[in-house]
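To find a chain, count down the sequence lines: A is the first, B the second, and so on, and within it residues start at 1.
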Amino acid sequence: MNFKTRTHTCGELRESNIGESVVLNGWVDNRRDLGGVIFIDLRDRYGITQVVFESSIDDKAYNLAKDLRSEFVISVEGTVRKRPDDTDNDKIPTGHIDVMIENLVILNKAETPPFQIKDNLDVGEDLKLKYRFLDLRRGDMQRNMLLRHKMAQLARNYFDQNSFIEVETPVLMKSTPEGARDFLVPSRLHRGKFYALPQSPQTYKQLLMVSGYDRYFQITKCFRDEDLRADRQLEFTQIDVEMSFVDVDDIFSMIEPLMQKFFKEIWGKELTLPIQRISYDDAMEKYGSDKPDLRYGLEMVTLNDVVKDSEFKVFKDNVKDNHIVTGLLAKGCGDYKRNQLDVLTDFVKKLGAGGLIWMRVKEEGLEAPIAKFLSEDEKANIIKSMNAEPGDLIFILSGVKYKTFDIMGSLRTEMAKRMELIKEDADPAILWVTDFPLLEWDDETERFYAMHHPFTSPRVEDLDKLASDPGKVKARAYDLVLNGHEIAGGSIRIHDAKVQAQMFKALGIGDEEAEAKFGFLMDAFKYGAPPHGGIAFGFDRLAMIFAGESSIREVIAFPKTTSGISLMDDSPSLVGDDQLKELHIKVREAKKQAE
RNA sequence: GGGAUCGUAGUUCAGUUUGGUUAGAACGCCUGCCUGUCACGCAGGAGGUCGCGAGUUCGAGUCUCGUCGGUCCCGCCA
């Protein structure tokens with residue numbers, strides 16, 4: 001070896017080390033050549049230490065140091081020294097010392113990197129991703145990776161201490177195309193057959209409960225072949241949890257202290273337990289979302305009662321049809337100009353609204369295009385119900401219940417942005433959303449789908465409705481929501497084969513189909529399945545929020561672009577004819593598809 | 001599958017509205033000077049397929065069409 005092993009990292013030396021002979025290894029972060037003296041900021045993932053070259057100390061090292069450039073990898077040996085008066089650097093922890101270098105070894109030179117290795121980098125994401133190995137060298141990214149690591153360790157330790165065991169489940173599994181699109185892996189040994197990559201370890205963890213493992217967790221990759229977003233990747237990591245002999249409250253009281261730890265250890269903030277709960281119906285009615293951001297109020301108000309006798313046709317018809325009339329109060333926005341209101345009208349129209357009713361609240365009453373259709377009583381009641389004052393702006397949307405809530409919810413978040421309601425130092429807002437509907441009707445295929453997944457247990461009191469009125473059945477399902485992001489979701493599962501059969505029936509899945517798709521699970525339930533339930537965190541999203549980032553790519557070491565490409569290794573890529581042949585895939589077709 | 005937006009030096013951008021001489025700035029890079037800098041300073045310098053391809057035009061970074069790529073959103077994500 002032509003260099004010495006480091007005695008310290010680049011973030012370690014302090015005044016207490018003065019006089020010590022030390023060896024540092026690292027990357028050249030910056031070079032300041034003042035002629036007779038050369039300063040190098042030496043960097044590793046622990047920090048930066050200034051090392052000094054002077055010809056009076058060592059002429060050979062000094063002359064060699066003249067050739068140092070950014071990102072060269074070097075090993076230096078020297079003596080820790082107190083900095084001369086008035087030359088301390090208070091910005092870094094090592095700023096009160098520097099190291100006078102007696103020996104320099106250049107371990108590797110480096111080309112000028114395509115972007116500077118520095119914090120708060122302003123560079124195109126495609127370049128960052130192409131040179132991810134350099135991007136990851138930056139302090140920002142290293143802090144994110146470290147934060148992610150810490151959270152994973154906190155979770156591991158927490159579950160371990162609570163008697164959970166981590167069990168690895170297969171990555172090659174059976175395709176069960178309910179829900180997201182599967183990634184398929186062609187089988188070489190079995191012509192024409194495919195494995196699927198797991199969308200989640202859902203079925204395996206339930207089987208582990210049947211096996212008596214009682215408390216299971218796993219931090220594991222999941223795969224979904226759907227379009228990407230700022231908070232969605234093709235492959236992502238879940239903290240997957242399952243417990244036996246539990247009900248909803250038991251899951252909550254197991255998970256809440258973990259959240260408290262995250263708050264404390266990562267943010268240094270106290271989280272008071274229990275975490276508040278809101279039912280899905282309330283969340284939709286008040287916030288128009290099943291993952292409401294409660295860092296600000298801006299609650300929606302249902303106005304059906306207020307306008308039930310209205311002469312205004314839109315109100316009258318919607319109330320009559322059991323639809324929804326919902327209002328949103330934008331405090332102090334009464335001065336919004338017509339063009340601003342037009343932009344917002346376009347905004348809701350794009351989401352499927354027929355239009356947007358707006359009313360400016362004046363001293364003398366309501367000023368609105370529809371004012372002439374409303375009685376004085378009605379106008380006064382609207383102002384009163386909305387708790388509006390002169391200078392405010394009222395929005396009203398009406399239409400089919402959940403769709404209208406949903407659109408108003410989008411307008412709510414849009415207005416929160418425009419009104420700058422989320423302050424930089426705002427306290428995080430966390431909540432459980434509970435009592436989700438069990439099923440969701442799909443107009444296109446004209447059948448119900450499981451809102452969560454087909455193993456989710458209905459509420460006991462709703463069991464009889466499963467056959468008669470499936471749309472009304474609520475599930476023992478819940479989401480954990482932080483700052484308007486769904487960070488975890490779970491449910492109590494069905495452990496009774498009879499209930500599961502009813503569920504499949506409601507979903508329009510026949511006995512044969514159920515047997516083919518989930519036979520192994522149904523079979524297992526015949527041999528003593530305990531009541532069980534669990535939850536899974538979207539770990540990337542969780543880390544993103546705790547890191548204060550707005551894209552999960554910032555907390556994933558090697559992410560893909562929005563089009564699912566890895567710019568660094570250029571995957572997905574074409575493969576050789578021989579590989580395709582082995583997998584029984586017709587070469588010509590595969591080639592043609594790729595073009 | 002759809003919508004929006006961006007693409008000009010190594011990087012971040014200006015220039016595109018209204019087509020017209022040699023496409024600019026900052027940072028970075030290179031050379032020289034400088035013994036206490038830490039966003040070092042000073043002097044000088046190099047660096048461009050204006051994403052790609054067609055078209056309109058006497059003339060295109062600028063206009064039109066197509067295409068590729070990044071980002072954000074809708075659909076989709078049990």
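Taking the side chain as every heavy atom from C-beta outward, A:Tyr46 and A:Cys10 never approach each other to under 4.5 Å. With contacts defined as side-chain heavy-atom distances shorter than 4.5 Å, the pair A:Lys128/A:Glu554 qualifies. The closest side-chain heavy-atom distance from A:Ile251 to A:Met243 is below 4.5 Å.
If you check every strand for non-hydrogen atoms under 4.0 Å, A:Asp225 touches nothing. In this structure, A:Leu127 reaches the sugar-phosphate backbone alone: every heavy-atom distance under 4.0 Å involves primed, P, OP1 or OP2 atoms, never a base. Nucleic acid contact class of A:Asp86 (heavy atoms, under 4.0 Å, all strands): none. Nucleic acid contact class of A:Gln202 (heavy atoms, under 4.0 Å, all strands): base. At the heavy-atom level, A:Glu125 lies under 4.0 Å from the strands shown only through sugar-phosphate atoms. The residue A:Lys350 sits apart from the nucleic acid: no heavy atom pair falls under 4.0 Å. Nucleic acid contact for A:Asp88: base, since at least one base atom lies under 4.0 Å from a heavy atom of the residue.
Put simply, A:Asn30 has no side-chain N or O that comes within less than 4.0 Å of OP1 or OP2 on B:U37. Residue A:Arg553 has a polar side-chain atom (N or O) positioned under 4.0 Å from OP1 or OP2 of B:C72. For A:Arg81, no side-chain nitrogen or oxygen approaches OP1 or OP2 of B:G36 to under 4.0 Å. Using a 4.0 Å cut-off, no side-chain N or O of A:Arg229 falls inside it from OP1 or OP2 of B:C76. At least one side-chain nitrogen or oxygen of A:Arg69 sits closer than 4.0 Å to the OP1 or OP2 atom of B:C30. Contact between the side-chain N/O atoms of A:Ser563 and the OP1/OP2 oxygens of B:G70 is found at a separation under 4.0 Å. The phosphate of B:G70 (OP1 or OP2) has a side-chain N or O of A:Thr561 nearer than 4.0 angstrom. Listed pair A:Thr562 / B:G70 fails the phosphate criterion, with no side-chain N or O lying under 4.0 Å from OP1 or OP2. Contact check, A:Arg32 against B:C40: a side-chain N or O comes under 4.0 Å of OP1 or OP2.
One atom, CG of A:Leu228, and another, P of B:G1, lie 14 Å apart when rounded to the nearest Å. Going from atom NZ of A:Lys66 over to atom C1' of B:G32 covers 12 Å, rounded to whole Å. The CG-C1' distance, from A:Asp33 to B:C30, rounds to 14 Å in whole Å. Nucleotide B:C68 holds its P atom 17 Å from the CG atom of A:Asp126, rounded to whole Å. Rounded to whole angstrom, the span from the CD1 atom of A:Ile48 across to the P atom of B:U37 amounts to 18 Å. The interatomic distance linking A:Asp85 (CG) with B:U37 (C1') rounds to 16 Å, in whole Å.
Residue A:Ala230 has its side chain nearest to B:C73 when only B:U11, B:C30, B:C73 are considered. When distances run from any side-chain atom of A:Ser551 to the nucleotides B:C72, B:C38, B:U35, the shortest one goes to B:C72.
Atom C1' of B:C68 sits at a distance of 31 Å from the matching atom of B:U22, rounded to the whole Å. Straight-line distance between the C1' atoms of B:U16 and B:U5: roughly 16 Å, to the nearest whole Å. Taking the P atoms as reference points, B:G3 lies 25 Å from B:U18, given to the whole Å. Comparing the same atom, P, in B:A25 and in B:G36 gives a spacing of 32 Å after rounding to whole Å. Taking the P atoms as reference points, B:C30 lies 26 Å from B:A23, given to the whole Å. Comparing the same atom, P, in B:C50 and in B:A9 gives a spacing of 9 Å after rounding to whole Å. When the P atom is used for both B:G51 and B:C74, the distance is 30 Å, rounded to whole Å. The gap from the P atom of B:U71 to that of B:G66 amounts to 23 Å, rounded to the nearest Å.
Between A:Asp293 and A:Tyr287, the side chains place no donor N or O within less than 3.5 Å of an acceptor N or O (distance only, hydrogens not considered). There is no side-chain donor-acceptor pair under 3.5 Å between A:Asn89 and A:Gln50. If you check the side chains of A:Gln238 and A:Ser200, you find no donor sitting under 3.5 Å from an acceptor.
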Taking only N/O atoms, report every protein-nucleotides 25-27 of chain B pair under 3.5 Å with atom names and distance.
from  : atom 1 : to       : atom 2 : distance (Å)
B:C27 : O2'    : A:Gln116 : OE1    : 3.2

What's touching nucleotides 6-9 of chain B from the protein side, N or O pairs under 3.5 Å?
none

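Nucleotide B:C13 forms a pair with B:G24, judged by Watson-Crick or G-U wobble geometry with both contacts under 3.5 Å. Base-pair partner of B:U5: B:G70 (Watson-Crick or G-U wobble, both distances under 3.5 Å).
Annotation for A:Lys505: atom NZ does not count as buried by contact number, only 12 or fewer foreign heavy atoms lying within 6.0 Å. Few gaps surround NZ on A:Lys82; more than 12 heavy atoms of other groups in view lie less than 6.0 Å from it.
Here salt bridge (Lys or Arg N to Asp or Glu O under 4.0 Å) pairs that include residues 47-68 of chain A, with residues two or more places apart or in two chains, number zero.
Of the residues near RNA chain B, A:Val52 and A:Ile565, the one whose nearest nucleotide (by heavy atom distance) lies more toward the 5' end is A:Val52. Residues A:Asp227 and A:Pro114 each lie close to RNA chain B; by heavy-atom proximity, the contact nearer the 5' end of the strand is made by A:Pro114.
Remark: aromatic rings of A:Phe518 and A:Phe525 are distant, center separation not under 6.0 Å.
With hydrogens and angles ignored, a donor-acceptor pair closer than 3.5 Å exists between the side chain of A:Arg232 and the base of B:C77.
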Determine whether A:Glu235 and A:Leu197 satisfy the following criterion, side-chain contact (heavy atoms from CB on, under 4.5 Å), listing intermediate values before the conclusion. CA-CA 10 Å; A:Glu235 54 179 305; A:Leu197 304 182; over 6 Å; no

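Here A:Phe39 counts as stacked on B:U37: its ring centre is under 5.5 angstrom from the base ring centre and the planes meet at under 30°.
A:Phe133 does not carry A:Arg137 over the face of its six-membered ring by the limits of under 6.0 Å from the centre and within 45° of the normal.
A:Phe455 and A:Phe504 have perpendicular rings, their planes meeting at more than 60° on a 0 to 90° scale where under 30° would count as parallel.
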